[in-house]
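First comes the structure, then the notes that go with it.
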Amino acid sequence: MRNSLGALIVAIIVVVVVVTQTLFIVDQRQNAIVFRLGEVVRIIKQPGLYVKIPLIENVRYFDTRIRTIEPSEAERYLTSEKKNLLVDFYVKWRVSDVRQYYVSVGGDATRAATRLLQTINSSLRDEFGNRKVSEVVSGQRDKVMAATLLNAAVDAKKIGVQVVDVRLRRVDLPQQVSDSVYRRMEAERKTIANQLRAEGTAEAERIKADADRQHEVIIAEAYAKAQKIKGEGDAKAAAIYAQAYEQNPEFYAFYRSLEAYRGSLANKGNVLVLKPDSDFFKYFRAPGKPSAR
């Protein structure tokens with residue numbers, strides 16, 4: 001009985017060992033290479049449960065997720081003006097061909113990352129070397145990243161990896177250079193500001209002088225027009241007076257005297273100092289009969 005139980009346990013252990021040595025699982029985040037006596041016989045890219053020959057075949061797994069390369073320090077690059085730039089960037093990459101990846105770098109992620117960094121550094125050095133500081137800082141980052149990604153993709157394919165993205169996070173001048181550039185930019189901006197102020201002052205004076213001239217012209221024209229209208233009115237009034245005088249001189253004289261009375265005695269506080277026999281009161285003395293001249 002005991003012998004039978006021991007044999008059963010041994011059989012179970014043997015079965016478990018055989019199963020574990022025969023079956024293997026490939027995760028959805030992995031690719032696998034099956035080796036037979038050190039030679040590649042299969043590439044497995046789909047996740048699932050697979051079988052291998054125990055003791056003869058072995059499996060090696062490769063992570064196919066996207067990884068990131070981030071240099072610990074900003075790299076220095078020279079522009080076409082021979083000025084240093086501090087560039088901070090990162091690279092996204094993944095394994096795309098596990099066979100080539102294994103053959104080229106032995107499946108070592110560190111070796112692959114080192115190779116990619118060398119390629120990207122070389123490409124960035126060329127791209128920055130063909131551009132000025134103002135071009136890189138202001139508006140050509142996208143072009144630099146696109147060209148670097150294209151160049152890196154060609155070399156990455158040779159080692160079985162894919163460069164997903166290259167991004168420039170920061171492009172700065174070294175501190176000592178930044179200070180001098182800032183001072184120069186500040187001086188240039190002050191010069192431009194002073195020039196604009198001078199131009200603005202000159203333009204303001206010109207506008208003010210033009211406004212003053214127009215003001216004087218308008219006043220002169222208005223005065224001339226007023227005088228012309230007044231002269232025409234006086235002429236018409238004189239013509240009307242003359243016509244009225246010709247029709248009835250006595251009534252005309254009487255009417256003008258009434259207007260003089262109304263104008264002189266309109267306010268109660270008006271005081272006139274005249275002789276009683278003055279011509280001013282001739283119509284008060286004998287209305288309708290003026291005194292003889």
Side-chain angles (χ1 to χ4, degrees), residues 16-77 85-130 140-171:
V16 171
V17 171
V18 170
V19 170
T20 56
Q21 291 294 319
T22 302
L23 301 178
F24 65 96
I25 298 174
V26 177
D27 190 88
Q28 65 267 24
R29 297 166 294 181
Q30 299 172 329
N31 283 177
I33 297 179
V34 179
F35 297 88
R36 182 178 298 165
L37 301 177
E39 182 180 351
V40 177
V41 293
R42 278 189 295 165
I43 304 295
I44 301 175
K45 296 184 178 180
Q46 297 300 323
L49 181 64
Y50 295 91
V51 178
K52 64 182 178 67
I53 302 172
L55 303 177
I56 296 177
E57 293 182 345
N58 65 295
V59 181
R60 183 170 176 182
Y61 301 96
F62 300 89
D63 194 336
T64 57
R65 289 177 294 180
I66 294 177
R67 311 183 197 190
T68 304
I69 303 174
E70 295 182 279
S72 57
E73 295 182 356
E75 299 288 342
R76 285 177 177 262
Y77 299 103
L85 284 178
L86 292 176
V87 181
D88 187 12
F89 66 91
Y90 67 87
V91 183
K92 296 288 185 180
W93 68 282
R94 58 183 294 273
V95 176
S96 58
D97 184 346
V98 290
R99 182 190 292 271
Q100 186 65 32
Y101 181 62
Y102 175 75
V103 171
S104 301
V105 295
D108 188 341
T110 303
R111 288 177 58 188
T114 302
R115 172 78 174 267
L116 288 176
L117 273 180
Q118 290 173 350
T119 301
I120 290 168
N121 274 327
S122 177
S123 180
L124 286 175
R125 189 169 289 106
D126 292 339
E127 293 301 321
F128 283 113
N130 293 328
Q140 295 195 13
R141 288 195 184 189
D142 291 341
K143 293 182 179 179
V144 172
M145 290 186 291
T148 303
L149 179 61
L150 183 62
N151 294 333
V154 175
D155 188 64
K157 190 175 181 180
K158 297 177 182 178
I159 60 174
V161 302
Q162 174 192 3
V163 178
V164 179
D165 198 9
V166 177
R167 288 287 161 182
L168 304 180
R169 285 191 293 202
R170 181 172 61 95
V171 179

side-chain contact (heavy atoms from CB on, under 4.5 Å) partners for Ile69, two or more places apart: Val91, Trp93, Ala113, Leu116, Leu117
What closest approach, in Å, do Asn151 and Thr119 show between heavy atoms, and which atom pair accounts for it? O-CG2, 4.2 Å
Applying ring-ring contact (aromatic ring centres under 6.0 Å, His included) to Tyr90 and not counting sequence neighbours gives none
Would you say that more than 12 heavy atoms from the other residues, nucleotides or ligands in this model lie under 6.0 Å from the CD of Gln46, or not? no
For side-chain contact (heavy atoms from CB on, under 4.5 Å), just list the numbers for Tyr61 and Ile44, CA-CA rounded to whole Å, side-chain angles, deciding distance to a tenth of an Å, and then say yes or no. CA-CA 9 Å; Tyr61 301 96; Ile44 301 175; over 6 Å; no
About how many Å separate CE of Met145 and NZ of Lys143, when rounded to the nearest 0.5 Å? 12.5 Å
Solution key, residues 99-107 side-chain donor-acceptor pairs under 3.5 Å, sequence neighbours excluded:
from   : atom 1 : to     : atom 2 : distance (Å)
Gln100 : NE2    : Ser104 : OG     : 2.9
Gln100 : NE2    : Lys158 : O      : 2.8
Tyr101 : OH     : Ala109 : N      : 3.2
Ser104 : OG     : Gln100 : O      : 2.9
Ser104 : OG     : Lys158 : O      : 3.1

Does Thr22 reach the side chain of Pro54, with side-chain heavy atoms less than 4.5 Å apart? yes
Residues two or more places apart in sequence or in another chain: which of them pass side chain to side chain donor-acceptor pair (under 3.5 Å) with Asp108? none
Minimal non-hydrogen separation, Val144 against Thr148, with atom names: O-OG1, 2.8 Å
Any pair counted as salt bridge (Lys or Arg N to Asp or Glu O under 4.0 Å), so long as it reaches residues 113-122, sequence neighbours left out: Arg115-Asp155
So salt bridge (Lys or Arg N to Asp or Glu O under 4.0 Å) across residues 87-98, not counting sequence neighbours, yields Asp88-Arg169
Set of side chain to side chain donor-acceptor pair (under 3.5 Å) partners for Arg111, sequence neighbours left out: none
Just one of Val59, Val40, Ile56 clears the side-chain contact (heavy atoms from CB on, under 4.5 Å) bar with Phe35, so which one? Val40
Asn130: what forms a side-chain contact (heavy atoms from CB on, under 4.5 Å) with it, not counting sequence neighbours? none
Please check if the number of heavy atoms outside Glu39 that lie under 6.0 Å from its CD is greater than 12. no
Evaluate side-chain contact (heavy atoms from CB on, under 4.5 Å) for Leu168 paired with Leu124, printing each intermediate quantity in order. CA-CA 10 Å; Leu168 304 180; Leu124 286 175; 4.1 Å; yes
The criterion is side-chain contact (heavy atoms from CB on, under 4.5 Å); which residues satisfy it with Leu49, sequence neighbours excluded? Leu23, Ile25
dist Gln30:CD -> Thr64:OG1 (nearest 0.5 Å) comes out at 7.5 Å
Worked verdict on Val26 versus Asn31 for side-chain contact (heavy atoms from CB on, under 4.5 Å): CA-CA 7 Å; Val26 177; Asn31 283 177; 5.8 Å; no
Kindly write out the residues that satisfy side chain to side chain donor-acceptor pair (under 3.5 Å) with Asp165, not counting sequence neighbours, or none if the list is empty. Arg167
Treating Ser122 as the side-chain partner and Gln118 as the backbone partner, does any N or O pair qualify as donor plus acceptor under 3.5 Å? no
What verdict does the side-chain contact (heavy atoms from CB on, under 4.5 Å) test give for Val163 and Leu149, after you've listed the backbone C-alpha separation in whole Å, the side-chain angles of each residue and the deciding distance to 0.1 Å? CA-CA 7 Å; Val163 178; Leu149 179 61; 3.5 Å; yes
Residues pairing under salt bridge (Lys or Arg N to Asp or Glu O under 4.0 Å) where one sits in residues 117-128, two or more places apart or in two chains, turn out to be Glu127-Arg131
Please report the closest heavy-atom contact between Ser123 and Ala147, naming both atoms and the distance. OG-O, 4.1 Å
When the ring planes of Tyr50 and Phe24 are compared, do they come out parallel, tilted or perpendicular, using 30° and 60° as the limits? parallel
Residues passing the side-chain contact (heavy atoms from CB on, under 4.5 Å) test with Val41, sequence neighbours excluded, are Val34, Arg36, Glu57
